[in-house]
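Please read these numbers as outputs of a predicted model, since none were measured by experiment.
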Amino acid sequence: AVLYVGRDILIPIALAALITFLLSPVVGRLEQWLGRIASVLLVVLMLFALIGAIGWMLTTQTIDLAAKLPDYQANIEAKMRAFRIPSGGTFARFSQSLQHLQKTMSSSQETTAKNEPARRSRTLDPAETTAAQPPVPVKIMEPENRLTSFAQAALSSLLSPLGRGALVLLLVIFMLLKREDLRGRLVRLIGQGRISATTRAMDDASTRVARYLAMQLLVNTIYGTCVAVGLYFIGVPNAALWGALAGILRFIPYVGPWLGAAMPLALSLAVSNSWVTPILTLGLFVTLEVINSNAVEPLLYASSTGVSSIALIVAAVFWTWLWGPIGLVLATPLT
């Protein structure tokens, strides 16, 4: 209950802690030459530059794709005709029956609505009709400014994630600057009478989380690169955009890879005159996911998590139910 009620505060703290685990080794190595403050600021600036470059690339690729979409209208219509249900099949007859039933019901409702005024006029004389219809009060309303309401809605939806991101960034900077002090305070807080055991447990947990996050970043980067290269040679437009999205969405366990495959697969159906390109695109994602799930991830993640696969599945369900999509991303490192 505390985790659910306080999620607006606890989620930024959890995100900042995980980013701190990921950046601490880099900051530790730079401290030997630059000092702590300069190292933290340099690493944060590098993180900002990386996020900005990815955002700029995604924006330009999306604009380019939007400009190309009208050229694929003929292929999209052809694929839609190919997906139509055959006219003589069982499903087609069932669909036609439903449409006929819907038209019959709508026509009967329209007939009833048209006959109602005539029936009422036959049953009531003019005096009764005037008495049965009291005057309707008129309320003068100011015209609604749609631009203002749209701007307010857009700003509210934009400022919420920006404010959360700013809070995460601020926490990351201070956690990197005071990471030894925070670690010592946490050990003294939860390790009363068991300082040595608590210290070993904290060291083990921090090492496992940092190794897991680094391996996940490496695997997803290589995965996105392979997707971009494969889609480029297959002939899907804006391959860099789909590779970046596939690598980013793969941070979401279980459902992220298939979310990243949905848009390139749909685009391959639109741009191709045949079925070769969609089949190759689907085969690319299936092959990469099979290799990652059965060879790469068990080899790299098994030593870093130290948690059974059943426990990870239960944890993913729990944290998703508690914190939504962000909980699914944080489930494994939190566990």
Side-chain angles (χ1 to χ4, degrees), residues 10-55 164-191 195-226 244 247-253 256 292 296-307 312 315 319 326 328-335:
L10 296 177
I11 288 176
I13 293 176
L15 287 172
L18 294 182
I19 296 174
T20 302
F21 278 124
L22 183 62
L23 299 180
S24 290
V26 182
V27 174
R29 293 181 180 179
L30 290 177
E31 282 183 3
Q32 302 175 4
W33 296 280
L34 302 177
R36 172 157 299 184
I37 297 178
S39 300
V40 171
L41 294 179
L42 178 61
V43 169
V44 171
L45 288 176
M46 291 170 59
L47 181 63
F48 256 107
L50 178 61
I51 294 174
I54 294 175
R164 181 172 293 181
L167 177 58
V168 170
L169 177 64
L170 184 64
L171 289 172
V172 167
I173 293 174
F174 280 97
M175 285 182 179
L176 287 173
L177 289 172
K178 300 291 184 180
R179 58 186 187 277
E180 286 88 0
D181 181 65
L182 286 174
R183 175 180 173 276
R185 291 176 182 273
L186 187 60
V187 168
R188 290 195 300 271
L189 178 65
I190 66 176
I195 297 297
S196 59
T198 305
T199 302
R200 289 195 301 270
M202 290 287 295
D203 291 340
D204 180 71
S206 61
T207 302
R208 287 180 185 275
V209 170
R211 190 186 303 135
Y212 167 76
L213 293 175
M215 289 297 101
Q216 189 181 32
L217 179 62
L218 177 63
V219 169
N220 292 348
T221 302
I222 296 176
Y223 177 86
T225 304
C226 293
I248 294 172
L249 289 174
R250 211 174 183 282
F251 283 95
I252 304 175
N292 275 330
V296 177
E297 290 182 350
L299 180 64
L300 296 180
Y301 293 172
S303 61
S304 60
T305 57
V307 185
L312 291 179
W319 286 106
I326 296 180
L328 181 59
V329 176
L330 299 175
T332 299
L334 280 177
T335 305

Could you state the interatomic distance from [atom1] ([X]) to [atom2] ([Y]), rounded to the nearest 0.5 Å?
{"X": "Phe21", "Y": "Met175", "atom1": "CZ", "atom2": "CE", "result": "9.0 Å"}
{"X": "Leu167", "Y": "Ile11", "atom1": "CG", "atom2": "CD1", "result": "11.5 Å"}
{"X": "Leu171", "Y": "Ile19", "atom1": "CG", "atom2": "CD1", "result": "10.0 Å"}
{"X": "Leu10", "Y": "Leu15", "atom1": "CG", "atom2": "CG", "result": "11.0 Å"}
{"X": "Ile13", "Y": "Leu18", "atom1": "CD1", "atom2": "CG", "result": "12.0 Å"}
{"X": "Leu218", "Y": "Ile222", "atom1": "CG", "atom2": "CD1", "result": "4.0 Å"}

Exercise for review: Before giving the answer on side chain to side chain contact (heavy atoms under 4.5 Å, CB included), spell out for Thr332 and Gln216 the whole-Å C-alpha distance, their side-chain angles and the decisive distance to 0.1 Å.
Suggested key: CA-CA 11 Å; Thr332 299; Gln216 189 181 32; over 6 Å; no
Mind listing the side-chain donor-acceptor pairs of residues 37-54 below 3.5 Å, one per line with the distance, residues two or more places apart or on another chain?
from: Ser39; atom 1: OG; to: Leu30; atom 2: O; distance (Å): 3.2
from: Ser39; atom 1: OG; to: Glu31; atom 2: N; distance (Å): 3.3
from: Ser39; atom 1: OG; to: Gly35; atom 2: O; distance (Å): 2.5

Side-chain contact test, heavy atoms from C-beta onward, threshold under 4.5 Å: evaluate it for [X] versus [Y] and give yes or no.
{"X": "Ile252", "Y": "Leu249", "result": "yes"}
{"X": "Arg250", "Y": "Asn292", "result": "yes"}
{"X": "Trp319", "Y": "Ile326", "result": "no"}

Review point. So, for Ala16 and Thr20, which heavy atoms are closest and what is the spacing to 0.1 Å?
Key: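 Closest approach of Ala16 to Thr20, heavy atoms only: O-OG1, 2.6 Å.
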**Study point:** Smallest separation among heavy atoms of Ala315 and Ala331, with atom names
**Key:**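 Closest approach of Ala315 to Ala331: O-CB, 3.9 Å.
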Review point. Stepwise, does the salt bridge (charged side-chain N to carboxylate O under 4.0 Å, His left out) test hold for Arg200 with Asp204?
Key: CA-CA 6 Å; Arg200 289 195 301 270; Asp204 180 71; over 6 Å; no
Review point. Of Leu176, Leu170, Val172, which is the lone residue that meets side-chain contact (heavy atoms from CB on, under 4.5 Å) with Phe174?
Key: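 So, applying the side-chain contact (heavy atoms from CB on, under 4.5 Å) to Phe174 and each of Leu176, Leu170, Val172, only Leu170 qualifies.
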